[in-house]
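See structure below.
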Amino acid sequence: MKSLEELRKLREKAQKDIQARKTSNKAKVIIGMGTCGIAAGAREILKAVMAEINKRNLDVIVTQTGCIGMCEKEPLLDVQMPGKERITYGNLTKDDVSKIVVEHIVNGKVVEDLAVAKLED
């Protein structure tokens with residue numbers, strides 16, 4: 001580090017990184033990436049979720065997990081909105097992702113015809 005300006009930039013970057021880790025007020029999408037999910041097309045669902053979120057410039061946390069436990073419903077995707085119950089969507093196609101992002105994440109409405117479970121914290 002050679003100047004005070006470099007130190008300020010480093011500080012700003014560190015503060016942004018810390019802010020990005022705070023997840024309590026952000027929507028979260030969790031994709032089941034166990035072997036059963038991957039075999040059923042979870043990688044394509046993950047790519048579709050990332051593309052849709054980037055296209056709409058949404059501030060959403062996207063994470064992966066192992067087998068969610070409903071292998072017959074794969075590929076699975078969970079949506080957790082701040083302060084709301086966690087909704088699991090199943091038997092998904094890439095075309096379903098846009099509907100879930102728009103209706104649930106943007107407009108706050110559960111897509112009932114694709115939901116397979118609701119979990120309360």
Side-chain angles (χ1 to χ4, degrees):
M1 191 161 319
K2 297 177 182 173
S3 70
L4 187 56
E5 186 60 31
E6 286 183 52
L7 179 61
R8 285 187 182 126
K9 287 181 181 176
L10 182 63
R11 180 176 180 228
E12 288 174 13
K13 182 183 179 316
Q15 287 176 332
K16 281 184 180 179
D17 290 346
I18 290 169
Q19 187 64 31
R21 289 185 212 145
K22 293 181 179 178
T23 61
S24 62
N25 61 347
K26 294 182 180 179
K28 184 186 274 187
V29 175
I30 305 155
I31 301 175
M33 296 290 286
T35 53
C36 51
I38 292 170
R43 286 188 202 278
E44 288 74 26
I45 298 299
L46 175 62
K47 289 177 188 174
V49 167
M50 295 304 296
E52 194 67 29
I53 286 172
N54 288 334
K55 182 173 91 177
R56 298 179 184 280
N57 197 26
L58 298 173
D59 188 14
V60 175
I61 297 168
V62 179
T63 63
Q64 302 174 26
T65 189
C67 180
I68 295 176
M70 295 186 285
C71 301
E72 74 280 358
K73 304 277 187 197
E74 293 283 359
L76 294 162
L77 173 158
D78 288 4
V79 174
Q80 174 77 60
M81 299 297 287
K84 305 281 184 174
E85 59 193 358
R86 184 170 158 173
I87 306 297
T88 300
Y89 295 101
N91 296 318
L92 298 175
T93 66
K94 291 188 295 184
D95 295 335
D96 297 327
V97 170
S98 178
K99 184 176 182 180
I100 292 169
V101 169
V102 170
E103 290 190 27
H104 194 155
I105 295 174
V106 174
N107 295 321
K109 295 180 183 175
V110 175
V111 183
E112 297 289 344
D113 60 321
L114 297 173
V116 294
K118 296 178 183 178
L119 304 171
E120 295 181 24
D121 284 334

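Side chains are part of it too, since the values below use all heavy atoms of this structure and drop only hydrogens, waters and symmetry mates. Sequence positions, counted from 1, serve as the residue numbers for this chain.
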> Are I38 and L46 co-members of a hydrophobic cluster defined by side-chain heavy atoms under 4.5 Å apart?
Replying inline: yes
> Would R86 and I30 count as a side-chain contact (heavy atoms from CB on, under 4.5 Å) if you check the C-alpha gap in whole Å, the side-chain angles of each, and the deciding distance to 0.1 Å?
Replying inline: CA-CA 10 Å; R86 184 170 158 173; I30 305 155; 3.5 Å; yes
> Between Q80 and E85, what is the shortest heavy-atom contact and its length?
Replying inline: NE2-C, 4.0 Å
> Can you name the nearest heavy-atom pair linking P75 to A40, along with the distance?
Replying inline: CD-O, 3.5 Å
> If we only count heavy atoms from C-beta on, is the Y89 to V97 side-chain gap below 4.5 Å?
Replying inline: no
> Could you state the interatomic distance from CD (E12) to CG (L7), rounded to the nearest 0.5 Å?
Replying inline: 10.0 Å
>> Using side-chain heavy atoms (C-beta onward) and a distance below 4.5 Å, is D78 in contact with T65?
In response: no
> Measuring from M70:CE to C36:SG, what's the distance to the nearest 0.5 Å?
Replying inline: 10.5 Å
> Under 3.5 Å, is there a donor-acceptor pair between the side chain of D96 and the main chain of T93?
Replying inline: yes
> When you look at CE of M50, are more than 12 heavy atoms from neighbouring residues, nucleotides or ligands closer to it than 6.0 Å?
Replying inline: no
> Does K99 pair with E52 as a salt bridge, N-O distance under 4.0 Å?
Replying inline: no
> Picking from V49, I45, V79, what satisfies side-chain contact (heavy atoms from CB on, under 4.5 Å) with I100?
Replying inline: V79
> Taking all atoms of both residues into account, what is the closest heavy-atom pair of I68 and E74, and its distance?
Replying inline: N-OE2, 4.5 Å
>> To the closest 0.5 Å, what do you measure between OG1 (T63) and CD1 (I31)?
In response: 8.0 Å
>> If you compare all heavy atoms of L76 against all heavy atoms of G90, which two are closest, and at what distance to 0.1 Å?
In response: CD2-CA, 3.5 Å
> What distance do M81 atom CE and I105 atom CD1 have between them, rounded to the nearest 0.5 Å?
Replying inline: 6.5 Å
>> Hydrophobic clusters here meaning ILVMFWY residues chained together by side-chain heavy-atom distances under 4.5 Å, can you tell me if V111 and V60 are in one?
In response: yes
> How long is the span from the CD1 atom in I61 to the NZ atom in K26, to the nearest 0.5 Å?
Replying inline: 5.5 Å
>> Within the 4.5 Å heavy-atom criterion, are V102 and N107 side-chain neighbours or not?
In response: yes
> So do the side chains of S98 and R56 get within less than 4.5 Å of each other, counting heavy atoms only?
Replying inline: yes
> If you measure from CG on L92 to NZ on K73, what distance do you get to the nearest 0.5 Å?
Replying inline: 11.5 Å
